[in-house]
Chemist: 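So that we are looking at the same thing, I have put the structure below in structure tokens.
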Amino acid sequence: MMVLSSKNEALAASLALLAFAAATPVCAAAEFDRRVLPIREPKPPIYRELDARDAKPPPRFEVKAPDGAPNILIVLIDDMGFGQSSAFGGPIHMPTVEALANEGLRFNQFHTTALCSPTRSALLSGRNHHMNNMAGITEIATAFPGNTGQRPNSVASVAEMLRLNGYSTAHFGKNHETAAWEVSVSGPTDRWPTRQGFDKFYGFMGGETNQWAPLVYDGTTQVELPKDPNYHFMTDMTDQAIKWVKAQKSLTPDRPFFVYFAPGATHAPHQAPKKWIDKYRSKFDQGWDKVREETLARQKALGVVPTDTPLAPKPSYIKDWDKLSAQEKKLFARQMEVFAGFGEYADTEIGRLIDAIRDVGQLDNTLVFYIVGDNGASAEGSENGLFNENSYFNGVEENLQNVLGHLDDLGGPGAYNHYAAGWAVAGDAPFAWTKQVASSYGGTRNPLVMYWPKRIKGHGEVRSQWHHVIDVAPTILEAAGLPEPKVVNGTPQTPIQGVSMLYAVDDPKAADRHKTQYFEITGNRALYSDGWLAGTIHREPWQQKPPHRLKDDVWELYDTRRDFSLVNDLAAKDPKKLKDMQRQFMRIAAENHVLPIDDRAAERLNPAIAGRPDLMAGRKSLTVYQGMRGMSENAFINVKNQSHGITADIVVPQDGAEGVILAQGGRFGGWSLYVKDGKPTYAYNWLGLNHYSVASKEKLAPGKASIRFDFAYDGGGAGKGGAATLSVSGRKVAEGRIEKTQCCTFSLDEGADVGRNEGTSVTTDYEVPFAFTGIIEKVTISLAEQAEKEHAESDLIRRENRTRRLMSD
């Protein structure tokens, strides 16, 4: 063992080690076979020398990206249409994407799938969404191939391809690509971002989140958010991304990065700091019809639509603005002000990330894909918009007066709002339709800006080659000088179905290379083939159910080369062409596991109906323990639409107990069993509109106690009320009525918590987290027959205890 006698000797030894490392050769990148990932390590040589001084070490094995490979940044805005961003003629000022477009390229014929999970999976894999098993969002997955919600190992993400080729990789923001029943501590975590190619993940797992109080994960660990009244997730995720980029380039300046930056903005709930919303005050008083006209005029001036493009007629469901009442106009204008403020705020935060990349000297060789929307603008706000979007998922229609009553709350922490469908149609100008409508460009055409100073020379130009979101992954591989892998992590790969777009970067007049593409979302389906589009609108986005069977759908036919906004239906004039397109769709649909098509929507939120795995399948009870938190509705027992009971075994300290025992949901729908001022209470929050509570008038005594809540459901359909009873150690202490319950969901982002209420509070009776100050030994939630059995046993114990007391007296 060598002993160093001085600091100088230690320094000398360190320098010697550094010199040795520098002199040790590294395997040349050209020697690698990058078609099989991970790249195979060479076999170590066998040495016969006794003394290391007499031997030469082998070349050090290290996987590096090809020389000059660019950094990659994908920015994906959520639920923003073709005609909303100012970069494509829209009314929302988005300076970052504008600046990138003016120095880069605008692609005006780029397409998505019309829905978020499908688009995201296709974006990151280069394969069609059904090949990713993402026919719809993960929460409506079924048992059929193409629709299981679980990306197969044969469809590796581009993040994994880049990571195994020497890139650092990170994902910030929205995921919504993990099977809903896998989002729990039990996993498996194979399809979480950090097991799908990302070294770093900071974001939320579902389709949306409360921007003021999100459920955020760092990797697979839930994050404790700061107690900051000004907190907003958009700024938080940007801060995290900037920190990561700076640290990554500080430590490994020569290693390229791949950042997937996917904000929750501008998906509902539309929430933004007031100063951004107020920038748009009175900017939409002219209404959605006029905004459509103004947008089209700007689009023509920018050259992103042909100068002879007419506005497509809007759907009959959307009222004319000039026929609305004064109250309707007031409300709807404010809804759009909120959305626009959200959009500009998000884009400005993205500008901070771009500036950070510039500050570390990396922007020149960073290939940026700024995709303005993962589908068309969302019409899920229906006719009047929504104060609480959870009402949409529970089949509850919010009337005008209800939404208008919350006018001043819109955009802030006190609302979970969505705008009226008229703004979605306006946001997809010049097209007619919206998100979910995969058969129309209103649902599938989204702006793409590509920026790469080192490569792109045609500043501010428009590219009109026809492309699809599956083309992004192969573009990244070509830009990085990487081959398409044939095997990843031991699994042979499904070939990438997209085509690289770099040919269009170099030649504005190049012929299209993406010739054919199918579309399908819950029955809305279409086929694009060499300039023609044939499709059918099976269900309009505001319809709860389709009006007829799939076989009875009426198809339309458009020559998109001469009809940019799809206004001239040629189906009657060219039935032969339409029939040929329909046959072609069926063939391609079968090859891509699109068939059979499942056109159900809300029904598929129920795992038993949909046929997907359910962690709680067949279980009549669930016991949870202190410290369990963030349990999503897909990982928690379903108490909706049935009688149930909750039994909490607790220990009350000598000075009394306070706090939440068990809560599910939050401010916009949910329930909570808690102790306030020493008294047990149960509160039920119906969509943030009606509040019910059952509370004891007696304080809990110190020591062990069993608190029991029973709910006797009225029956007669979903979402009905029932009788509520509260007991302590077998003795009834309170009873009351809960007149309405939520039929389908409490929250898409707020889970169930034991011993606290995270996110937002179910009731105004306390402020989050209102952590329990005693000990919770366990809490058992029981359904129907099991609850009745436990109630009978509890009643028997109560009677026996009463008998003993009487006998002892």
Side-chain angles (χ1 to χ4, degrees), residues 66 68-77 82 85 87-88 97 100-113 119-129 131 157-159 161-162 167 256 258-261 303-304 365-375 441 444-485 495-519 528-531 560-561:
N71 305 303
I72 308 292
L73 170 63
I74 296 178
V75 175
L76 181 63
I77 298 294
F82 185 80
S85 164
F88 275 70
V97 67
L100 295 174
N102 292 338
E103 293 297 317
L105 301 173
R106 290 173 172 87
F107 282 75
N108 71 338
Q109 294 203 63
F110 180 81
H111 299 82
T112 57
T113 70
T119 288
R120 290 159 197 273
S121 63
L123 169 69
L124 290 180
S125 72
R127 286 84 154 193
N128 288 318
H129 56 295
M131 300 301 286
S157 74
V158 72
M161 299 175 198
L162 294 175
Y167 271 72
F258 170 49
V259 171
Y260 174 41
F261 193 85
V304 294
N365 195 30
T366 296
L367 169 56
V368 180
F369 299 87
Y370 196 132
I371 305 171
V372 188
D374 55 353
N375 40 242
Y441 284 167
T444 65
R445 181 162 289 177
N446 286 92
L448 166 65
V449 167
M450 196 183 296
Y451 174 87
W452 187 9
K454 189 175 181 180
R455 174 73 180 268
I456 294 175
K457 305 305 177 187
H459 297 174
E461 295 179 1
V462 174
R463 293 292 185 267
S464 295
Q465 287 82 359
W466 201 99
H467 280 290
H468 187 268
V469 68
I470 60 174
D471 297 336
V472 172
T475 306
I476 290 171
L477 292 179
E478 183 181 355
L482 296 171
E484 176 185 343
I496 285 177
Q497 296 172 294
V499 301
S500 172
M501 296 182 280
L502 288 187
Y503 75 94
V505 168
D506 299 330
D507 182 1
K509 296 182 180 179
D512 290 0
R513 294 187 183 178
H514 195 132
K515 298 285 190 178
T516 304
Q517 179 64 46
Y518 81 87
F519 298 89
Y528 169 83
S529 182
D530 204 17
T560 67
R561 295 161 298 187

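Just so you know, residue 1 is the first one in the sequence shown, and it goes up from there.
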Chemist: Report the distance from atom CG of Asn102 to atom NE2 of His459, rounding to the nearest 0.5 Å.
Modeler: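 Interatomic distance, Asn102 CG to His459 NE2, rounded to 0.5 Å: 10.5 Å.
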
Chemist: Between Gln517 (side chain only) and Tyr528 (backbone N and O only), is there a donor and an acceptor less than 3.5 Å apart?
Modeler: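 No, the answer is negative, given that no donor and acceptor are paired below the 3.5 Å cut-off.
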
Chemist: In terms of the angle between their ring planes, are Phe519 and Trp466 parallel, tilted or perpendicular, with boundaries placed at 30° and 60°?
Modeler: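 Ring orientation of Phe519 relative to Trp466: perpendicular.
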
Chemist: Rounded to the nearest 0.5 Å, what separates atom CZ in Arg106 from atom CG in Leu100?
Modeler: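 Nearest 0.5 Å value for the CZ-CG distance: 10.0 Å.
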
Chemist: Could you list all the salt bridge (charged side-chain N to carboxylate O under 4.0 Å, His left out) pairs where at least one residue sits in residues 444-456, not counting sequence neighbours?
Modeler: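 Checked against salt bridge (charged side-chain N to carboxylate O under 4.0 Å, His left out) - neighbours excluded - the pairs reaching residues 444-456 are Arg455-Asp506.
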
Chemist: Please report the closest heavy-atom contact between Ala122 and Val469, naming both atoms and the distance.
Modeler: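 Where Ala122 meets Val469 most closely, the heavy atoms are CB-CG1, 3.8 Å.
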
Chemist: Do you know the tightest heavy-atom contact between Pro70 and Ala480?
Modeler: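 Smallest interatomic distance, heavy atoms only, reads CD-CA, 3.9 Å.
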
Chemist: When you look at Phe369 and Met501, which way does the side-chain contact (heavy atoms from CB on, under 4.5 Å) test go after all the steps?
Modeler: CA-CA 11 Å; Phe369 299 87; Met501 296 182 280; 4.0 Å; yes

Chemist: Please confirm whether the backbone N or O of Ala510 pairs with a side-chain atom of Gln465, one donor and one acceptor, at under 3.5 Å?
Modeler: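 A pair under 3.5 Å: yes.
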
Chemist: Output the distance between atom CH2 (Trp452) and atom CG (Leu502), rounded to the nearest 0.5 Å.
Modeler: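 Trp452 atom CH2 to Leu502 atom CG measures 6.0 Å (nearest 0.5 Å).
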
Chemist: How would you list, by chain and number, every residue that makes a side-chain contact (heavy atoms from CB on, under 4.5 Å) with Pro508, sequence neighbours excluded?
Modeler: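 Applying side-chain contact (heavy atoms from CB on, under 4.5 Å) to Pro508 gives Arg463.
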
Chemist: Could you pull out the closest heavy-atom pair between Pro474 and Gly126, with the gap in Å?
Modeler: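 Looking at all heavy atoms of both residues, the shortest contact is CD-CA, 4.4 Å.
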
Chemist: Does the ring centre of Phe88 sit less than 6.0 Å away from the ring centre of Phe82?
Modeler: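 Yes - the distance between ring centres of Phe82 and Phe88 falls below the 6.0 Å cut-off.
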
Chemist: For Ile496, is there any backbone N or O sitting under 3.5 Å from a side-chain donor or acceptor partner on Glu484?
Modeler: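 It does hold such a pair.
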
Chemist: I'd like to check the side-chain hydrogen bond (donor to acceptor under 3.5 Å, both in side chains) partners of Asp471; sequence neighbours left out, ordered by chain and number.
Modeler: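 Asp471 satisfies side-chain hydrogen bond (donor to acceptor under 3.5 Å, both in side chains) with His467, His514 only.
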
Chemist: List the steps and the verdict of side-chain contact (heavy atoms from CB on, under 4.5 Å) for Ile371 and Leu123.
Modeler: CA-CA 10 Å; Ile371 305 171; Leu123 169 69; 3.8 Å; yes

Chemist: Could you go step by step and tell me if Phe110 and Val472 meet the side-chain contact (heavy atoms from CB on, under 4.5 Å) rule?
Modeler: CA-CA 10 Å; Phe110 180 81; Val472 172; 4.1 Å; yes

Chemist: For Arg120, which residues count as a side-chain hydrogen bond (donor to acceptor under 3.5 Å, both in side chains) partner, sequence neighbours excluded?
Modeler: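 Asp78, Asp374.
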
Chemist: Do Met161 and Leu482 pass the side-chain contact (heavy atoms from CB on, under 4.5 Å) test, and can you show the C-alpha distance, the side-chain angles, and the key distance before you say yes or no?
Modeler: CA-CA 9 Å; Met161 299 175 198; Leu482 296 171; over 6 Å; no

Chemist: Could you grab the distance from atom CD1 of Ile470 to atom CD of Gln497, nearest 0.5 Å is fine?
Modeler: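 That separation rounds to 5.5 Å.
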
Chemist: Where do Asn108 and Gly303 come nearest, in terms of heavy atoms and distance?
Modeler: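 Smallest heavy-atom distance, with atoms named: ND2-O, 4.4 Å.
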
Chemist: Could you tell me whether the side chain of Tyr503 and the main chain of Arg513 form a donor-acceptor pair under 3.5 Å?
Modeler: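 Checked: pair present.
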
Chemist: Output the distance between atom CD1 (Ile74) and atom OH (Tyr370), rounded to the nearest 0.5 Å.
Modeler: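 It comes to 14.0 Å.
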
Chemist: Heavy atoms only: give me the nearest Ile456-Gly104 pair and the separation to one decimal.
Modeler: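 Result for this residue pair: CG2-CA, 4.2 Å.
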
Chemist: Measuring from atom CG of Asn128 to atom OG1 of Thr113, what distance do you get when rounded to the nearest 0.5 angstrom?
Modeler: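 Result: 10.0 Å between the selected atoms.
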
Chemist: Of all residues at least two apart in sequence or in a different chain, which pass the side-chain hydrogen bond (donor to acceptor under 3.5 Å, both in side chains) check with Ser529?
Modeler: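 Ser529 satisfies side-chain hydrogen bond (donor to acceptor under 3.5 Å, both in side chains) with no other residue.
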
Chemist: Mind checking side-chain hydrogen bond (donor to acceptor under 3.5 Å, both in side chains) for Asn446 and listing every partner two or more places apart, or none if nothing turns up?
Modeler: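 If we apply the side-chain hydrogen bond (donor to acceptor under 3.5 Å, both in side chains) test to Asn446, skipping adjacent residues, the hits are Thr112.
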
Chemist: Quick one: closest heavy-atom pair of Ala87 and Val97, and the distance?
Modeler: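 Nearest pair, atom of Ala87 first, then Val97: CB-CG1, 3.7 Å.
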
